[in-house]
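The next block holds one structure in the form of structure tokens; read it before the comments.
The model shown is predicted, which means the values in this text are computed figures rather than measured ones. Numbers restart at 1 for each chain; the letters A, B, ... are given by sequence-line order, proteins then strands.
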Amino acid sequence: MNPYIANTDADVQKMLEVLGMSCVDDLFLDIKKEHAPRSFDLPEGYSEYEVVSRINQLAGKNSSNLVLFIGGGYYDHYIPAAVSSLISRGEFLTAYTPYQPECSQGTLQALYEFQSLICALTDMEIANASLYDGGTALYEAMMMAIRITGRHRIIMDGGVSPIYRKIIRSYTNNLDIEFLETPVIHGQSCRPDIQKLLDEKTAAVILQNPNFFGAVDDFSDIVAMTHRHGALTISSVYPVSLGLLKTPGDMGVDIVTGEGQSLGLPLNFGGPYLGFMATRKKYARKMPGRIVGQTVDRQGRRCFVNTLQAREQHIRREKATSNICTNEALCAIQAAIFMSLLGPEGMKDLARLNFEKAEFTRQTLARIPGVEVKKSAPTFNEFTVRLDRDAHEVVEAMIQKGFVAGFPLGRYYPEMNDYMIMAVTEKRTRSEILQFAKHLEDVMQD
Amino acid sequence: MNPYIANTDADVQKMLEVLGMSCVDDLFLDIKKEHAPRSFDLPEGYSEYEVVSRINQLAGKNSSNLVLFIGGGYYDHYIPAAVSSLISRGEFLTAYTPYQPECSQGTLQALYEFQSLICALTDMEIANASLYDGGTALYEAMMMAIRITGRHRIIMDGGVSPIYRKIIRSYTNNLDIEFLETPVIHGQSCRPDIQKLLDEKTAAVILQNPNFFGAVDDFSDIVAMTHRHGALTISSVYPVSLGLLKTPGDMGVDIVTGEGQSLGLPLNFGGPYLGFMATRKKYARKMPGRIVGQTVDRQGRRCFVNTLQAREQHIRREKATSNICTNEALCAIQAAIFMSLLGPEGMKDLARLNFEKAEFTRQTLARIPGVEVKKSAPTFNEFTVRLDRDAHEVVEAMIQKGFVAGFPLGRYYPEMNDYMIMAVTEKRTRSEILQFAKHLEDVMQD
Amino acid sequence: MELIFEKTVAGRRGFRVSKSDVDAPTALPLKYSRTSPLPFPEVTELDCVRHYTQLSQMNFSVDTHFYPLGSCTMKYNPRFTESLAASTGFVDLHPLLPQLRQGERYTQGALQVLYDMERWLTEITGMDAFTMQPLAGAHGELTGVMIIAAYHKAKGNKKKYIIIPDSAHGTNPASAAIAGFETLSIPTDDRGLMDMDILKAHMNEEVAAVMLTCPNTLGLFNSDIDKIAALVHDVDGLMYYDGANLNALLGKCRPGDVGFDVIHVNLHKTFSAPHGGGGPGAGPVGVKASLVPYLPVSRVVQNKDGIFHLDYRYPQSIGYIASFYGNFGVILKAYAYILLLGKAGLMETSSHSVLNANYMQHQLQSILPAAYPRSCLHECVLSAKDLLAQDVHAIDIAKYLIDQGFHPPTIYFPLIVKEAMMIEPTECESKEMMDRFIHAVENAVSLAASHPQALKDCPQTTPISRPDEGKAARELKANFFNSCDAKT
Amino acid sequence: MELIFEKTVAGRRGFRVSKSDVDAPTALPLKYSRTSPLPFPEVTELDCVRHYTQLSQMNFSVDTHFYPLGSCTMKYNPRFTESLAASTGFVDLHPLLPQLRQGERYTQGALQVLYDMERWLTEITGMDAFTMQPLAGAHGELTGVMIIAAYHKAKGNKKKYIIIPDSAHGTNPASAAIAGFETLSIPTDDRGLMDMDILKAHMNEEVAAVMLTCPNTLGLFNSDIDKIAALVHDVDGLMYYDGANLNALLGKCRPGDVGFDVIHVNLHKTFSAPHGGGGPGAGPVGVKASLVPYLPVSRVVQNKDGIFHLDYRYPQSIGYIASFYGNFGVILKAYAYILLLGKAGLMETSSHSVLNANYMQHQLQSILPAAYPRSCLHECVLSAKDLLAQDVHAIDIAKYLIDQGFHPPTIYFPLIVKEAMMIEPTECESKEMMDRFIHAVENAVSLAASHPQALKDCPQTTPISRPDEGKAARELKANFFNSCDAKT
Ligand SMILES: Cc1ncc(COP(=O)(O)O)c(C=O)c1O
Ligand SMILES: Cc1ncc(COP(=O)(O)O)c(C=O)c1O
């Protein structure tokens with residue numbers, strides 16, 4: 001039986017009488033007999049306690065107590081309890097998209113604050129109210145660049161996450177978009193390669209900072225190059241790193257996107273996450289996704305509404321800047337609470353702490369025979385390590401000891417089987433790091 | 001540093017200027033040098049994440065995954081998720097005692113609903129807004145009976161929880177109250193014993209249903225007896241059982257108390273719990289604890305306030321009916337949500353399910369050699385078992401297998417070392433019970 | 001209300017990260033370092049808690065108000081699904097774990113959730129396989145259309161068009177276009193269904209698919225569905241089912257049984273995951289056998305030994321459509337919901353959501369005419385066009401309802417209905433609540449006659465009155481740091 | 001607002017318990033079975049969630065409003081302490097586990113929390129030992145007085161009286177009386193402190209103890225404290241410290257260092273456990289060495305091998321004063337709070353709470369005279385008596401403040417101050433917030449002169465206006481089922 005149904009048998013009878021019907025099935029007469037389900041074989045219902053026990057059993061089949069040195073764009077950061085507690089309030093959780101601004105100012109103002117925080121973090125002029133995730137956000141940015149420039153050639157830097165690259169490839173399979181890729185290297189973006197590919201057909205150069213291999217870069221020169229050819233620069237960023245790293249806005253990047261998971265969202269086996277996008281105000285009308293804007297009510301009081309809706313599918317339909325409707329609003333509010341709580345100093349401390357722990361780890365591991373730490377470029381909290389054997393094996397062996405040592409690059413780059421990337425967040429304590437190093441040394445000796 | 005302080009250095013300076021002082025210490029001049037702390041040796045502060053990890057480590061040092069067949073008045077019931085989620089709302093959690101009714105109607109109405117629900121459950125006329133726990137509530141009931149009758153002799157039934165008895169003894173050590181106790185037996189209250197002790201000096205007879213040994217009783221005859229001598233009957237009850245058992249109101253009991261833990265509160269290693277008390281309206285003015293009453297505001301709208309405050313310490317001081325001030329309001333609201341959510345049918349189903357599982361367990365265990373299940377009286381979800389050896393040993397052995405088999409009576413009754421009481425709640429599944437029986441059989445064979 | 005930025009006091013801190021327990025390392029070269037200010041708010045944790053608690057109280061939500069927003073299925077979101085989704089056994093799982101060698105062993109519980117959900121949704125909808133990856137309904141549409149494109153490409157079909165009724169949700173044409181198709185819009189006939197003659201007229205070899213919402217956005221079930229499917233299949237076109245309205249059909253009719261080839265389901269509608277003020281959602285996609293090879297990777301498969309793992313070896317797959325395996329946290333809530341309801345509970349869901357919608361329509365159509373006066377399924381669409389005489393619009397009724405403590409229905413959608421009011425009560429609401437709502441609409445309509453201005457002045461009880469939407473678009477202030485001037 | 005009972009519809013269910021998975025057993029004899037109806041509300045889970053969510057929104061709380069309720073220390077309650085206290089490692093622990101043979105092994109984490117807390121509180125207050133058992137401040141008082149009684153009994157002292165200043169909180173005399181003592185009330189002198197001459201006059205061999213709040217309820221520290229202690233100790237009386245105001249003294253002065261023998265601490269005040277609308281609290285009691293034998297059992301002790309266990313072998317103990325080991329969930333929150341703040345953070349707590357209180361008093365005393373115009377500690381007490389001329393009372397100011405979005409201060413306590421307004425801002429509130437509050441009080445006072453009725457008509461912005469308290473007491477309707485008549 002469904003415990004969430006309000007109608008009692010008496011209610012049903014009353015309503016049927018009003019409808020002049022004898023049974024509820026009469027309401028389904030438009031569905032012909034032959035259209036009835038051929039089968040509908042599903043679990044019997046359970047009580048709340050029974051479901052909770054079953055799912056807790058499933059939870060027990062996951063190893064959630066491993067010490068994580070794995071990142072790849074998704075990081076094990078601490079989430080302040082206030083964030084989780086505020087975001088779970090029913091008034092945020094069970095509201096729909098704020099179509100009726102008068103009774104949705106809570107969601108609207110919080111999203112406006114999110115947009116402003118993203119702009120502050122990236123030094124951009126305008127941000128939207130969220131996209132699905134970091135990968136789809138980068139794809140949306142590319143489509144936006146194509147709309148803006150009217151060009152159809154994309155230069156993809158070798159440092160961009162292979163996951164994002166795969167997503168972009170699948171979405172554009174059917175579209176006439178030409179992709180040029182610069183070789184994959186562990187260091188910073190190779191200027192000459194980009195230079196070679198750039199021309200008047202180029203819509204955008206897609207970059208990432210820190211890149212997938214951890215290298216930190218300053219794209220100012222690439223931006224200049226790109227603009228000389230009337231193309232745009234798109235950069236995907238790791239938001240936590242911007243507490244310490246030069247901002248895309250400062251580099252002159254045109255469209256910034258990123259994965260917002262690190263801003264107070266749990267890893268959650270891959271979602272819900274948070275795609276964000278920020279750009280210059282002049283491109284606002286070409287931007288996908290909802291935008292919350294400020295205005296005044298009839299008494300002249302400041303208030304907030306969904307704005308520039310003419311870009312969106314529910315008005316523009318096939319001509320919309322994107323098909324997105326449901327986005328990641330709650331995750332955006334969660335990120336806004338996280339950023340507000342940390343404040344400027346908290347955000348900087350957090351970034352510095354990540355940087356320092358990673359540096360400490362880098363230095364510690366460098367001493368281990370068989371482990372070569374790539375130093376071709378400065379890094380933030382993730383870096384590339386070369387091992388004297390298959391990284392998959394090493395990672396597998398380390399998990400037995402309770403550590404996820406990193407992500408083997410061979411997974412996406414067959415030629416790099418002996419490489420892995422390692423992430424070190426603020427949660428990793430000195431003693432965890434030293435223990436980890438000890439175990440790794442043992443493993444490398446076997 | 002204390003992260004919960006709002007004042008910045010600039011704020012402090014501004015305020016000191018206003019106060020015409022140079023430093024904050026000047027505000028503490030009333031404290032003489034020689035009154036400064038001789039030492040103040042405490043942990044250094046930690047970050048939120050550090051504290052969380054430390055406390056999670058401590059949590060890991062508790063075995064919280066044991067299958068519980070232990071009760072003794074405190075039961076392992078399932079708590080619907082809606083209860084926990086509603087009670088954690090900040091507006092309930094961070095309010096104080098509702099001294100200002102206009103801005104506290106949430107707490108006041110919820111407590112009024114709690115009182116009404118307790119009355120409905122016990123068939124009594126009036127209940128208070130909570131006392132500390134089941135034990136202190138029984139003590140308060142006894143003091144109330146003494147106030148009402150002006151007599152000082154108490155008859156304590158042998159079936160009352162030894163924990164409650166100990167509490168009452170310590171509180172009354174200094175007072176001239178005479179205690180007469182009926183012998184401890186595993187079955188129902190022994191009428192003749194009570195009869196013998198009852199006389200015109202008796203203030204009250206204190207009973208418990210089901211009693212500590214699990215025996216279910218109907219006290220109607222004892223009540224009659226008691227009233228014939230102008231004494232009162234006090235009964236401590238297990239609220240969940242009242243979904244199935246004859247109510248104290250129905251038996252004519254004068255004062256009902258109980259431990260409310262089973263009404264949606266976690267076991268929590270002993271607290272916070274919920275003492276409740278209900279009585280006849282004519283005794284209301286002698287009752288301890290806060291009472292929320294209904295009234296109207298200036299527009300004649302129904303509303304709620306703390307009432308009969310003239311009984312309480314903040315008005316009556318040394319003549320108050322009790323010294324209680326802070327009570328267990330939030331737990332009472334939690335119990336109110338629990339009872340409202342379950343409704344009459346849910347409450348009855350819950351009680352019946354507890355009864356059935358216990359009966360099934362009783363029957364299952366009865367077949368095990370060396371285990372003698374006491375059947376001297378009907379029981380609810382807890383019963384007494386006699387073993388052919390020291391119950392402590394058996395319980396110890398069973399814990400190794402992941403089951404807390406019960407509570408050895410030897411702990412409070414040295415002469416009963418081979419007895420234990422076992423509780424079976426709705427959470428125990430058939431397979432858990434059968435596994436448990438299997439293991440117990442093995443243990444009894446060793 | 002003040003913005004969090006306006007509560008800033010220099011030097012205030014809301015959260016302190018741990019002190020470093022490692023020796024200060026080599027610093028980052030200045031060239032790569034942030035030099036620009038970071039104007040985040042400087043507030044205490046208390047400021048932050050008060051701010052967002054007070055903001056939350058400015059929302060209407062299912063937890064606080066009746067929310068009959070048509071097409072959005074604003075049913076009750078059970079609390080236990082929330083607490084389960086927050087349980088550490090899942091929230092702390094890193095998504096790359098199962099991509100390590102043997103890594104699936106560390107995420108068996110999570111993989112089983114995905115695997116079971118795929119099977120259950122397959123059975124519920126009558127399809128042959130599902131992917132849980134799409135992150136919302138529209139994302140599912142795009143995925144579905146990409147699968148359709150891959151199918152035609154593989155068969156060497158030259159396809160150009162996707163046919164969509166004019167009653168469709170905006171995401172349908174948008175998704176079709178983004179995937180590279182042209183859209184043909186088919187008008188709605190006087191039954192409220194797709195016009196068959198015009199459909200036939202447009203049907204040709206270049207038609208890749210027909211996208212239908214069923215019941216459609218008017219709440220009506222199309223009994224021609226098999227005829228339409230036949231027409232499309234004749235030209236080797238495919239039938240796409242927009243599952244936003246599946247709440248009407250659970251156990252009553254399975255899209256897979258009536259000719260649909262591709263389907264998306266909105267877990268945040270039919271399966272009760274909360275909407276969160278706009279998201280996150282989950283829009284899993286199901287397909288018939290012929291399309292299975294094109295499903296996105298990764299796919300969750302089970303070995304003979306019972307172990308679940310991720311499989312990427314599908315050469316014809318459309319590839320990655322999201323970073324990982326879907327909005328797992330959302331999926332887990334739907335998983336718990338289905339497990340609790342079970343077969344019978346799911347079927348009751350549709351019966352009662354449809355009963356409630358018909359009761360609403362019946363009681364209201366004497367006041368506001370139904371767009372298509374016949375019995376509906378889970379939602380009904382009324383038109384307020386008769387009130388235009390008094391210059392009263394659907395939006396005025398909506399704002400009046402807000403003052404009465406109701407979230408308004410969806411208005412001005414579907415676009416084909418003048419002054420549309422689209423009402424979806426869901427199975428969770430009670431008759432008394434609906435009667436109160438009906439009564440409020442009655443009052444609104446009589447006010448429209450007696451005192452229309454009263455409606456224009458609504459709402460009065462909310463923190464703000466009607467906003468100036470034009471100004472918002474004209475002046476575009478979407479970033480506090482670009483719009484400080486406009487403070488009030 | 002409707003009561004949950006008034007939302008009942010017969011047949012509605014909010015929660016379904018599991019189906020029985022055991023064979024139907026012997027039924028309970030009718031004689032013992034419930035035959036009376038059980039008139040619980042019949043509502044859905046949604047009804048229930050809406051009802052209590054809406055109720056919660058009718059409260060002022062620290063999370064939503066400034067709450068300077070004197071003597072109650074309404075500081076911010078950190079969120080992380082809440083989530084920790086909800087972590088399964090503790091919430092599912094059965095309290096009888098450690099009473100099993102070897103049972104302590106299964107609760108080492110919980111026992112260590114109690115053990116550490118005892119040590120920390122001992123150090124914070126300068127006592128020699130603590131018990132965590134008392135469940136609130138008043139419960140701590142009673143426990144303390146029982147310990148005092150046991151001490152005197154053991155020494156054969158004939159004691160009869162407990163001396164309490166007239167500024168004391170009502171629980172002090174109530175606790176003394178309940179434990180079997182007579183109370184002697186000592187008036188407050190013009191310094192705002194206990195009158196020494198009268199104290200001396202009352203001091204005699206039959207005095208068991210003096211109970212003091214320090215700083216007292218006027219927010220004043222008594223520098224005669226050592227003299228008082230000497231007087232009491234001379235007659236082998238004991239000094240009891242009511243710790244409600246400890247927030248003023250952390251690291252500034254330890255009761256144990258200045259002559260106090262017994263103390264209780266309110267974890268729900270000084271150590272930031274939330275008040276929950278009236279409770280639960282925790283009132284641990286500390287004693288000096290001479291009183292340790294009398295502490296209640298159980299006591300938590302640590303073996304040489306580091307294992308913690310419960311010890312009951314204290315022949316002189318006053319025995320059980322609660323069912324178990326204290327309000328563990330509350331204690332755990334205070335534990336986390338102390339661990340986070342640490343030594344320095346605790347000291348800052350007092351400095352800033354005292355600074356804020358003095359700022360308040362200084363800014364307000366030009367408008368409303370301070371009861372005792374001298375610098376205070378963590379709270380200040382003003383008097384609204386000058387407004388009596390316009391027939392305006394402290395309560396009228398209070399109700400005006402509600403309309404301005406502030407929870408009022410404590411009023412009419414301490415009893416010795418006419419029209420008392422007792423203001424405790426705590427260290428958590430900001431200067432801007434206090435300035436706003438001060439401004440509101442200014443407005444109230446000028447309204448008192450210009451337009452007193454405006455104050456009498458407050459509050460206007462709340463769900464209800466001023467209730468008829470007399471009617472509530474006269475008609476006593478405390479149970480819906482005895483007062484249905486009075487529905488509205
Ligand atoms: C009919 C219909 N189709 C598609 C969608 C898009 O779903 P989503 O918002 O999850 O992207 C919606 C949601 O409003 C809808 O109502
Ligand atoms: C000075 C004083 N003493 C004692 C108490 C009683 O403490 P509790 O309410 O925790 O029983 C209070 C609480 O209001 C108080 O302010």
Side-chain angles (χ1 to χ4, degrees), chain A residues 2 6 11 15 30 37 42 44-45 51 58-59 61-64 86 89-91 93-97 102-103 105-107 116 119 132 135 166-167 170 174 266 269-272 293-295 297-298 302-303 307 313-314 317-318 320 323 325-330 341 344 349 359-360 392 430, chain C residues 14-15 17 21-22 25 38 40 52 55-56 58-63 89 91-93 95 101 106 108-110 135-136 138 170 173-175 177 180 221 254 274-281 319-320 323-324 327-328 339 342-343 345 348 351 359 430-431 462 464-465 471-472 477 479-480 488:
Chain A
N2 181 332
D11 293 328
M15 289 196 264
D30 284 344
L42 290 157
E44 293 312 313
V51 176
L58 287 178
K61 294 185 185 169
N62 304 318
S63 318
S64 52
L86 288 168
R89 285 181 62 84
E91 301 94 320
L93 188 71
T94 67
Y96 199 76
T97 303
E102 299 88 346
C103 57
Q105 283 298 297
T107 293
S116 305
C119 291
Y132 299 134
K166 281 177 175 291
I167 292 172
S170 6
N174 261 28
F269 202 55
Q294 174 182 309
T295 183
D297 74 356
R298 289 187 178 168
R302 176 180 63 190
C303 59
T307 191
Q313 47 73 26
H314 60 282
R317 302 179 74 85
E318 63 278 358
N323 69 328
C325 178
T326 287
N327 56 15
E328 309 288 307
L330 195 70
L341 194 62
D349 292 349
E359 285 300 308
F360 176 76
H392 275 295
R430 179 194 193 87
Chain C
F15 182 78
V17 303
D21 58 359
V22 298
L38 180 55
F40 277 11
Y52 289 103
L55 275 186
S56 75
M58 295 165 74
N59 272 1
F60 276 23
S61 64
V62 174
D63 276 10
V91 289
D92 295 341
L93 276 192
R101 187 176 298 164
Y106 309 103
Q108 283 298 295
L135 303 171
S175 301
F221 186 86
R254 306 192 309 167
H275 292 69
Y320 282 36
S323 303
F324 294 106
N327 274 340
F328 186 82
L339 210 45
K343 175 185 174 140
E348 289 165 338
S351 300
Y359 178 74
S430 66
K431 179 171 175 303
T462 42
I464 63 158
S465 61
K471 177 186 169 73
K477 294 176 175 171
N479 169 9
F480 172 77
T488 42

Which atom pair, heavy atoms only, marks the closest approach of [X] to [Y]?
X: A/Glu328; Y: C/Asn327; answer: OE2-ND2, 3.5 Å
X: C/Ser323; Y: A/Gly135; answer: OG-N, 3.8 Å
X: C/Gly89; Y: A/Ala59; answer: CA-CB, 3.8 Å
X: C/Pro95; Y: A/Phe269; answer: CB-C, 3.8 Å
X: C/Gly277; Y: A/Ala329; answer: O-CB, 3.4 Å
X: A/Thr107; Y: C/Asn59; answer: OG1-ND2, 2.7 Å

Verdict with supporting geometry, C/His275 and A/Leu93, side-chain contact (heavy atoms from CB on, under 4.5 Å) = CA-CA 6 Å; C/His275 292 69; A/Leu93 188 71; over 6 Å; no
Determine the option with the most heavy-atom pairs under 4.5 angstrom with chain C, choosing from [options].
options: A/Asn174, A/Asp11, A/Leu58; value: A/Leu58
options: A/Gly293, A/Gly90, A/Pro266; value: A/Gly90
options: A/Thr295, A/Ile167, A/Asn62, A/Thr326; value: A/Asn62
options: A/Arg430, A/His392, A/Lys166; value: A/Arg430

Counting heavy-atom pairs closer than 4.5 Å to chain A, which one of [options] comes out on top?
options: C/Gly319, C/Pro173, C/Gly14; value: C/Pro173
options: C/Ala174, C/Ala136, C/Gly342; value: C/Ala174
options: C/Gly345, C/Ala177, C/Gly180; value: C/Gly345

How many angstroms lie between [atom1] in [X] and [atom2] in [Y], if you round to the nearest 0.5 Å?
X: A/Cys103; Y: C/Ile464; atom1: SG; atom2: CD1; answer: 9.0 Å
X: C/Phe60; Y: A/Glu91; atom1: CZ; atom2: CD; answer: 12.0 Å
X: A/Ser64; Y: C/Asp92; atom1: OG; atom2: CG; answer: 6.0 Å
X: A/Leu341; Y: C/Phe40; atom1: CG; atom2: CZ; answer: 11.5 Å
X: A/Asn327; Y: C/Leu135; atom1: CG; atom2: CG; answer: 11.5 Å
X: C/Met58; Y: A/Glu102; atom1: CE; atom2: CD; answer: 11.5 Å

Candidate pair C/Ser56 and A/Arg89, rule side chain to side chain donor-acceptor pair (under 3.5 Å), full reasoning | CA-CA 7 Å; C/Ser56 75; A/Arg89 285 181 62 84; 2.7 Å; yes
Below 4.5 Å, heavy atoms only, C-beta onward: do C/Pro280 and A/Leu330 meet side chain to side chain?
->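 C/Pro280 reaches A/Leu330 side chain to side chain.
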Return yes if some donor-acceptor pair links the side-chain N/O of [X] with the main-chain N/O of [Y] below 3.5 Å, else return no.
X: C/Ser61; Y: A/Ala95; answer: no
X: C/Glu348; Y: A/Asn2; answer: yes
X: A/Ser170; Y: C/Tyr320; answer: yes
X: A/Asn323; Y: C/Ser175; answer: no

